[in-house]
Amino acid sequence: MAISTVHGQSLGQGEDFQLNQEYFIQQGADEALLIRINGFEAEFESRLSGQAGNLLLRSGIAGSRIAPVFQYLNAASSSRQLNIDVSSNLFTERSEFDLGLTRLKIWDERSSSLARAYQALSFGMESGGPDTAANWTVKIESLVKAGREFHRFGMQELRLWSHYLAAHLIYLHLHDHSIVFNMTKEILSELKSARFRKIELAALQLQSDALIALRASGTLPVAAPDKDPVQLALSRVAALAESMGFGFELAMALNASAADYAGRSMYTEALEQYKRAVAISDSVGDAGLIKSIRESIVQIHAIQGDAPASNEVLQEIETQLVEEGAGDELALNLLAQGRLSINSYDYPRAIDVLKQGLVYENNSAIRRQLNFELARASYGRGHPDDAIRYLQAANIHAGSTQKRAPNSMLDIGEGLQIMAAIHRGRGEFNKMRQARSVQGQYKPEQAAYLYQKALDELMSRPGKRGSAESLFRQSYQAAAATGN
């Protein structure tokens with residue numbers, strides 16, 4: 001048995017933002033291979049092919065940027081060249097790979113048993129196959145079997161990786177979070193006497209994921225009254241990741257901690273952790289994670305009613321998206337900024353950022369949303385002609401008495417209310433009544449709707465106040481009935 005390290009050619013980021021690295025290795029005659037690929041801050045897949053390009057193995061571990069990928073190849077009758085293509089769609093600016101080889105000559109019962117252990121480990125990490133509980137159970141049992149064999153040979157690191165990978169698959173595909181919690185407890189207990197820091201970090205991270213899931217299901221294990229088990233686990237992940245220089249894992253732990261606090265309405269603590277997570281994510285160059293964290297911060301500021309703070313974070317996201325050349329994502333960001341400005345009655349700024357959004361969008365649904373918000377802002381600013389034009393661009397009109405299907409992205413009823421109010425102000429009473437009638441089909445809030453109808457009557461029939469007064473009374477009664 002021989003162990004060696006192979007260096008490969010990095011192909012860098014392609015147009016689809018994929019990180020690739022290619023290795024070329026030689027397999028000797030009657031020589032089996034165990035290939036171990038380590039990735040730093042990258043979730044990846046390895047494709048092992050023969051010299052003719054025929055695929056021999058495809059392996060990976062979804063949801064982990066810590067665990068290595070193991071691939072075992074049986075001995076061949078003659079020597080051959082192999083190609084290993086490692087690819088990742090989830091990585092940071094610091095991501096890199098390295099590859100190690102164990103060359104094995106099978107000549108007795110011991111080497112044969114060891115080869116079976118390697119093969120069981122490799123099978124548990126193979127990609128593909130049906131996404132069924134039965135298939136994943138077979139892979140998990142293969143990893144458990146590998147772990148038993150490695151224990152027999154005193155190979156503690158491979159045994160612990162096998163145990164961890166089995167727990168990871170249970171978490172990811174069978175969702176038995178209590179079993180995962182207990183398995184990670186066993187791994188971490190063993191690691192007290194044998195320090196494998198990457199396994200410890202992976203196990204701590206998986207344990208915290210299991211605890212988060214157990215909290216969500218209401219079955220979280222009871223801990224000391226002054227120690228929250230989820231936050232305690234995440235703090236251990238963060239501390240170890242920081243000491244190892246694993247910035248992505250540190251940022252993910254802080255992000256998970258913040259999300260847990262936010263889920264329990266502990267917004268001050270959540271914001272503190274989110275801000276730390278943003279700083280770490282920026283240092284490792286994970287743009288997707290930075291954007292996700294900032295969007296979470298915006299949600300908290302929105303819950304707290306802090307529009308200026310929300311707007312500030314949205315502008316930070318905008319700057320990032322401009323640098324990345326994002327189109328529709330940037331348009332959606334500007335849409336969110338425009339809505340915040342409308343809610344703060346800053347109509348000039350709303351119109352400015354929403355018009356910018358129209359420049360970047362490449363999607364008709366986003367375009368309609370931008371035009372709708374431009375109509376709201378224009379109406380609020382006192383520009384009725386622009387408001388009507390933008391409503392028409394958003395495909396909101398009163399030309400049809402047939403109700404369209406509800407649209408979760410647009411409040412068509414509000415658009416028709418704006419349209420009716422504009423026609424009333426212009427003295428276009430027939431158009432006003434038509435818009436108001438169609439608005440009624442979208443189940444508007446009754447007190448406000450009846451009040452607007454009363455104003456319609458008052459303006460269109462100034463000499464006949466009885467109908468308007470009746471509608472005002474109905475509006476008052478509707479408001480009183482709902483406590484408004």
Side-chain angles (χ1 to χ4, degrees), residues 1-6 23-39 45-50 55-61 64 66-84 86 97-129 136-170 183 186-187 190-191 193-200 202-203:
M1 181 175 66
I3 300 175
S4 59
T5 300
V6 178
Y23 299 89
F24 301 97
I25 61 174
Q26 194 75 20
Q27 182 181 20
D30 300 321
E31 178 184 72
L33 292 178
L34 178 70
I35 301 160
R36 172 176 176 155
I37 305 166
N38 297 296
E45 182 177 74
S46 172
R47 297 171 65 91
L48 176 62
S49 304
L55 183 64
L56 302 174
L57 275 177
R58 183 164 67 92
S59 312
I61 179 76
S64 174
I66 304 174
V69 168
F70 296 96
Q71 292 179 299
Y72 177 78
L73 201 59
N74 281 315
S77 57
S78 59
S79 63
R80 58 179 174 175
Q81 181 175 297
L82 300 171
N83 177 60
I84 303 171
V86 180
F97 306 109
D98 68 71
L99 182 146
L101 291 177
T102 300
R103 300 180 183 272
L104 181 67
K105 292 279 188 179
I106 301 172
W107 58 278
D108 62 2
E109 178 57 32
R110 185 183 188 281
S111 59
S112 180
S113 296
L114 190 55
R116 287 195 295 270
Y118 289 154
Q119 194 162 24
L121 172 62
S122 173
F123 175 74
M125 303 197 73
E126 284 184 29
S127 306
W136 292 115
T137 300
V138 170
K139 289 184 180 294
I140 290 161
E141 288 175 350
S142 182
L143 290 164
V144 171
K145 177 184 174 183
R148 284 197 298 265
E149 287 296 310
F150 291 132
H151 177 66
R152 205 157 63 86
F153 290 109
M155 302 172 73
Q156 190 175 20
E157 184 192 10
L158 286 179
R159 179 175 65 81
L160 289 171
W161 273 128
S162 300
H163 198 185
Y164 162 79
L165 291 166
H168 184 84
L169 291 185
I170 292 170
M183 289 178 73
E186 291 175 11
I187 294 170
E190 289 191 48
L191 285 168
S193 58
R195 295 287 289 178
F196 296 105
R197 300 185 81 200
K198 280 187 71 174
I199 302 176
E200 183 180 4

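Contact check for Phe97 versus Tyr23: side-chain heavy atoms found under the 4.5 Å cut-off. Counting only heavy atoms from C-beta outward, the side chains of Leu121 and Leu165 approach each other to under 4.5 Å. Between Leu104 and Leu34, every side-chain heavy-atom pair lies at or beyond the 4.5 Å cut-off. Taking the side chain as every heavy atom from C-beta outward, Arg36 and Trp161 approach each other to under 4.5 Å. Considering only heavy atoms from C-beta on, His168 stays 4.5 Å or farther from Leu143 through its side chain. In this structure, Leu82 and Leu56 have side chains that are in contact, with non-hydrogen atoms separated by less than 4.5 Å. The closest side-chain heavy-atom distance from Leu158 to Phe70 is below 4.5 Å.
Atom CZ of residue Phe150 and atom CE of residue Met155 lie 5.5 Å apart, to the nearest 0.5 angstrom. Separation of atoms CG (Asn38) and CD1 (Ile66) is listed at 12.0 Å; rounding is to 0.5 Å. Going from atom CD1 of Ile187 over to atom OH of Tyr164 covers 8.5 Å, rounded to the nearest 0.5 Å. Of the inter-residue distances, the one linking Lys198 atom NZ with Leu160 atom CG reads 14.0 Å to the nearest 0.5 angstrom.
A salt bridge links Arg152 with Glu149; the closest basic N to acidic carboxylate O contact falls under 4.0 Å.
Of all heavy-atom pairs spanning Ser59 and Val69, the tightest one is CB-CG1, 3.8 Å. In terms of heavy atoms, Ala75 sits closest to Asp30 at CB-C, 3.7 Å.
Between the side chain of Ser142 and the backbone N or O of Ala120, at least one donor-acceptor pair lies under 3.5 Å. Looking only at distances, a side-chain donor or acceptor of Ser111 sits under 3.5 Å from a matching main-chain atom of Trp107. The main-chain N or O of Glu31 is found under 3.5 Å from a side-chain atom of Gln27 such that the two form a donor-acceptor pair.
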With side chain to side chain contact (heavy atoms under 4.5 Å, CB included) as the test, would you mind laying out the steps for Leu99 and Val86 before giving the verdict? CA-CA 10 Å; Leu99 182 146; Val86 180; 5.6 Å; no

Apply side chain to side chain donor-acceptor pair (under 3.5 Å) to the pair Ser113 and Glu109, showing each step before the final yes or no. CA-CA 6 Å; Ser113 296; Glu109 178 57 32; 3.0 Å; yes

Side chain to side chain contact (heavy atoms under 4.5 Å, CB included) assessment of Asn83 paired with Leu48: CA-CA 6 Å; Asn83 177 60; Leu48 176 62; over 6 Å; no

Tell me, with the steps shown, if Gln156 and Ile199 meet side chain to side chain contact (heavy atoms under 4.5 Å, CB included). CA-CA 11 Å; Gln156 190 175 20; Ile199 302 176; over 6 Å; no

Using the side chain to side chain contact (heavy atoms under 4.5 Å, CB included) rule, take Met125 and Gln71 through it: C-alpha gap first, then chi angles, then the decisive distance, then the call. CA-CA 8 Å; Met125 303 197 73; Gln71 292 179 299; over 6 Å; no

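Counting non-hydrogen atoms of other residues, nucleotides and ligands closer than 6.0 Å to NZ of Lys139 gives a total above 12.
For Gln119, the side-chain hydrogen bond (donor to acceptor under 3.5 Å, both in side chains) criterion is met by no residue, not counting sequence neighbours.
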